[in-house]
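Some notes on the structure that comes next.
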Amino acid sequence: GVGTRFTDFNEHIIFQAVEERTGVHVEFVSSGGMGDAEALTLWAAAGELPDLIPNAASNYPGGGEVAVADEILMDISEYLEYAPDYNYYRTRTPEDERDSMTDSGCVVELTSFFSEDIGPSTGPMIRQDWLDALGLDTPVTYDDWHQVLTAFKNEYNPNYTFLLPNTVSAQNNYFASGFGVLSYTANARGRVTDPFYQVEGEAKFSLLEPAFLEYVTLLNQWYSEGLISPDFISYDADTNGPSLTGYVTSGQTGIWFGDVSQMAAYQEGANDPAFSCVAITDPVKNEGDITHFDSDRTGLTSYSVAATCENPEIVMRWINYWFTDDGILLANYGIEGQSYTMDDSGTPQYTELMTNNPDGDTFKTCQLLYTMVMVPTVVDTRASFTLYNDAQKEAQSIWSSNIDDAYVLPDITFTEAESNELSSIYSDLSTMISEKLIQFIIGDEPLSSWDSFVADMEAMNAGRCMELYQAALDRYTQRESQS
């Protein structure tokens, strides 16, 4: 494993190169196997905060603004002059600049950015060989999906004709978004996202929208017809997980939601020599509809500077290096002549050390060994395409073709009081919702009692949750005037 190749990041070839180029030596502090949130809590309690802390603002109760007030994290806005290249990317678009600030204008996070928007990395996939064998067209609408899934079930009878996760949607809301609502969904960081969104600045809660009943009605019908397996209750939404790979390669599913990076593995591991899978667009009610929940922008690295840091200028200069042209190239491609060379057009190309490793290391392992995008930097989206086959290269443009992010909540933050109130209300509410949704889908609860369910949610202060989201959203929009 990678962890056995070096015991300290100072032994990593990229950090050695950065020290040589910047003259800054970094001492790495081990979290002892703890998660970022737990480590932050213990470091803060002990008064022994490292100068740079991963994901600290998002993990601190009340967020970055409260962490600054509590003198845990530093407002680095006055030190941005030491990081001009980072600041260029931070302010590249109005959205990026708003996202980089707290409601009062503090800058608490140092984040990575994508070099360009290449669209979602996950989405629906289908057995193209089954479509071809049955003479069926690629499904576009929910009705098309129903027709195709019914044909798959009748001909091949897979256990999971349509592989629906127990979050009642899929990563980043694919599948529910055609109804104009947000379902429970695992995002790119693997966390389950609550069904709040916004339309033209107005906060919404999906479960109170009439369209959500349409969505649940469709799931109930497909479940009753056996298109959704009774076992979906125990299936999580991990698009990189071994259970998904097993279902796909053994022919147990016809349509599923997967990660573009896994498509070649499906092909190589398939039991059926005729196996072929391709990406398809998220389903819509009517052909030509656009969905509005493209939120596959999470998962990028974020660091914060501790309030106790004695040399913030040096920290910011070190961070800035990763946003220079040389730093971006080093982070994404490694050392020239070792892990990459430049072609005649000036485009970096990985060497066989990366693409056909003599020690048998996979490309992903080589990326961990010879490159470094776990620091804040600009992630070169071209790099992920290096070993992609044609179907993988086409997937992200297919998934992008009928979506925008018009309904996605921006990077809002709650005050500590709001966060506490939201948690106290929503913990019970979400438990009730999760249980009831499953019951509606599998038929244990009749759809005729949906209005009663809505009344129960309103009695449990679902409306107050929307008010808290609205307040945070209103403050976010005001950040623009400070930029």
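If you're wondering where the values come from, they're calculated on a predicted model, not measured in any experiment. All residue numbers refer to positions in the sequence shown, counting from 1.
Side-chain contact between F113 and P376: absent, with no pair of heavy atoms (C-beta onward) separated by less than 4.5 Å. Using a 4.5 Å cut-off on side-chain heavy atoms (C-beta onward), K364 and S261 make contact. You'll find the side chain of F196 reaches within 4.5 Å of the side chain of C465, heavy atoms only. Looking at heavy atoms from C-beta onward, M354 lies out of side-chain contact with D361 at the 4.5 angstrom threshold. Side-chain contact check for W256 versus L244: some heavy-atom pair is nearer than 4.5 Å. Side-chain contact between Y89 and V378 is present, with heavy atoms from C-beta onward closer than 4.5 Å. A 4.5 Å side-chain heavy-atom check between D294 and D404 finds every atom pair outside the cut-off. Side-chain contact between F152 and F162 is absent, with no heavy-atom pair separated by less than 4.5 Å.
A donor-acceptor pair shorter than 3.5 Å cannot be found between the side chains of N220 and T217. Counting only N and O atoms by type, the side chains of E202 and Q198 include no donor and acceptor under 3.5 Å apart. Between the side chains of N420 and S423, not a single donor N or O lies within less than 3.5 Å of an accepting N or O. With 3.5 Å as the limit, one finds a donor-acceptor pair spanning the side chains of S250 and Q252. No hydrogens or angles considered: nothing links the side chains of N332 and Y340 as a donor-acceptor pair under 3.5 Å. Side chains of S115 and T381: a donor on one and an acceptor on the other come within 3.5 Å. Using modelled atom types and a 3.5 Å distance limit, the side chains of S449 and S452 yield no donor-acceptor pair.
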Open item on the list: Set out, in order, the CA-CA distance, both residues' side-chain angles and the distance that settles side chain to side chain donor-acceptor pair (under 3.5 Å) for T93 and D96, then state yes or no.
Closed with: CA-CA 5 Å; T93 69; D96 285 337; 3.2 Å; yes

- [ ] Take V278 and I398 through the test side-chain contact (heavy atoms from CB on, under 4.5 Å) and record every step on the way to the result.
- [x] CA-CA 10 Å; V278 297; I398 290 171; 5.8 Å; no

- [ ] List the steps, then state whether ring-ring contact (aromatic ring centres under 6.0 Å, His included) holds for F212 with F179.
- [x] CA-CA 7 Å; F212 202 86; F179 287 89; 9.0 Å; no

TODO: Tell me, with the steps shown, if Q439 and E435 meet side chain to side chain donor-acceptor pair (under 3.5 Å).
DONE: CA-CA 7 Å; Q439 291 171 3; E435 293 172 355; 5.5 Å; no

Task: CA sep, side-chain torsions, deciding dist, call: N461, L429, side-chain contact (heavy atoms from CB on, under 4.5 Å) - done: CA-CA 8 Å; N461 288 319; L429 183 60; over 6 Å; no

Open item on the list: I'd like to know whether R90 forms a salt bridge (charged side-chain N to carboxylate O under 4.0 Å, His left out) with D99, so could you lay out the CA-CA distance, the side-chain angles of the two residues, the decisive distance to 0.1 Å, and finally the verdict.
Closed with: CA-CA 9 Å; R90 184 186 76 86; D99 286 350; over 6 Å; no

TODO: I would like to know whether F440 and F453 meet ring-ring contact (aromatic ring centres under 6.0 Å, His included); could you show each step before the answer?
DONE: CA-CA 10 Å; F440 279 117; F453 171 53; 5.4 Å; yes

- [ ] Apply side-chain contact (heavy atoms from CB on, under 4.5 Å) to Q367 and T362, showing your working.
- [x] CA-CA 9 Å; Q367 284 184 305; T362 65; over 6 Å; no

TODO: Applying side-chain contact (heavy atoms from CB on, under 4.5 Å), run through L329 and M342 and close with a yes or a no.
DONE: CA-CA 11 Å; L329 201 54; M342 285 291 194; 3.5 Å; yes

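The two residues A383 and T386 have their closest heavy-atom pair at O-OG1, 2.8 Å. Scanning all heavy atoms of the two residues, the minimum distance from P120 to W399 falls at O-CE3, 3.5 Å. When all heavy atoms of E109 and A57 are compared, the closest pair comes out as CG-CB, 3.4 Å. Of all non-hydrogen atoms in T161 and G226, the two that sit nearest each other are OG1-O, 4.1 Å. The minimum heavy-atom distance linking M263 with A395 is given by the pair SD-CB, 4.0 Å. Contact detail for L163 and F257: the closest heavy-atom pair is O-CD1, 4.0 Å.
Ring geometry, Y247 versus Y160: the interplanar angle falls from 30° to 60°, so the pair is classed tilted. The aromatic rings of Y469 and F414 lie perpendicular to each other, with more than 60° between the two planes, well past the 30° mark. Ring geometry for Y156 versus W130: interplanar angle under 30°, hence parallel rather than tilted (30 to 60°). Note on ring orientation: taking the six-membered ring where Trp is involved, the planes of W222 and H146 are tilted (angle from 30° to 60°). Using cut-offs of 30° and 60° for the angle between ring planes, the Y407 and H292 rings count as tilted.
Within the model, atoms CG of N59 and CG of L40 stand 6.5 Å from one another, a figure rounded to the nearest 0.5 Å. Between the CD1 atom in I438 and the CD1 atom in I433 there is a gap of 12.5 Å [rounded to 0.5 Å]. Here F205 contributes atom CZ and M457 contributes atom CE; the two are 6.0 Å apart, rounded to the nearest 0.5 Å. Here the CH2 atom belonging to W145 is positioned 11.5 Å from the OG1 atom belonging to T138, to the nearest 0.5 angstrom. Taking OG1 from T371 and CG from L368, the interatomic distance works out to 7.0 Å, rounded to the nearest 0.5 Å. Remark: I403 CD1 to D282 CG distance equals 6.0 Å, nearest 0.5 Å.
Taking the six-membered ring wherever Trp is involved, the centroid distance between the rings of Y266 and F275 does not fall below 6.0 Å. Less than 6.0 angstrom separates the ring centroid of F175 from the ring centroid of Y142.
For residues 355-377, the set of pairs meeting the ring-ring contact (aromatic ring centres under 6.0 Å, His included) definition, not counting sequence neighbours, comprises Y350-F363. Identified under the salt bridge (Lys or Arg N to Asp or Glu O under 4.0 Å) test for residues 148-165, with sequence neighbours left out: none.
Between K285 and D143 there is no salt bridge, since no side-chain nitrogen of the basic residue lies less than 4.0 Å from a carboxylate oxygen of the acidic one.
Remark: the backbone N or O of G251 is not paired with any side-chain donor or acceptor of D272 at under 3.5 angstrom. Of the possible polar contacts, one joining the S229 side chain to the D231 backbone as a donor-acceptor pair under 3.5 Å is found. Checking side-chain atoms of Q392 against main-chain N and O of V260 turns up a donor-acceptor pair under 3.5 Å. Here the side chain of S206 pairs no donor or acceptor atom with the backbone of S183 at under 3.5 angstrom. Between the side chain of D405 and the backbone N or O of V408 there is no donor-acceptor pair closer than 3.5 Å. The main-chain N or O of W322 is found under 3.5 Å from a side-chain atom of T377 such that the two form a donor-acceptor pair.
Within a 6.0 Å radius of CG in D359, more than 12 heavy atoms belonging to other residues, nucleotides or ligands are found. Within a 6.0 Å radius of CG in D137, no more than 12 heavy atoms belonging to other residues, nucleotides or ligands are found.
The side-chain hydrogen bond (donor to acceptor under 3.5 Å, both in side chains) test applied to D36 returns N55, not counting sequence neighbours.
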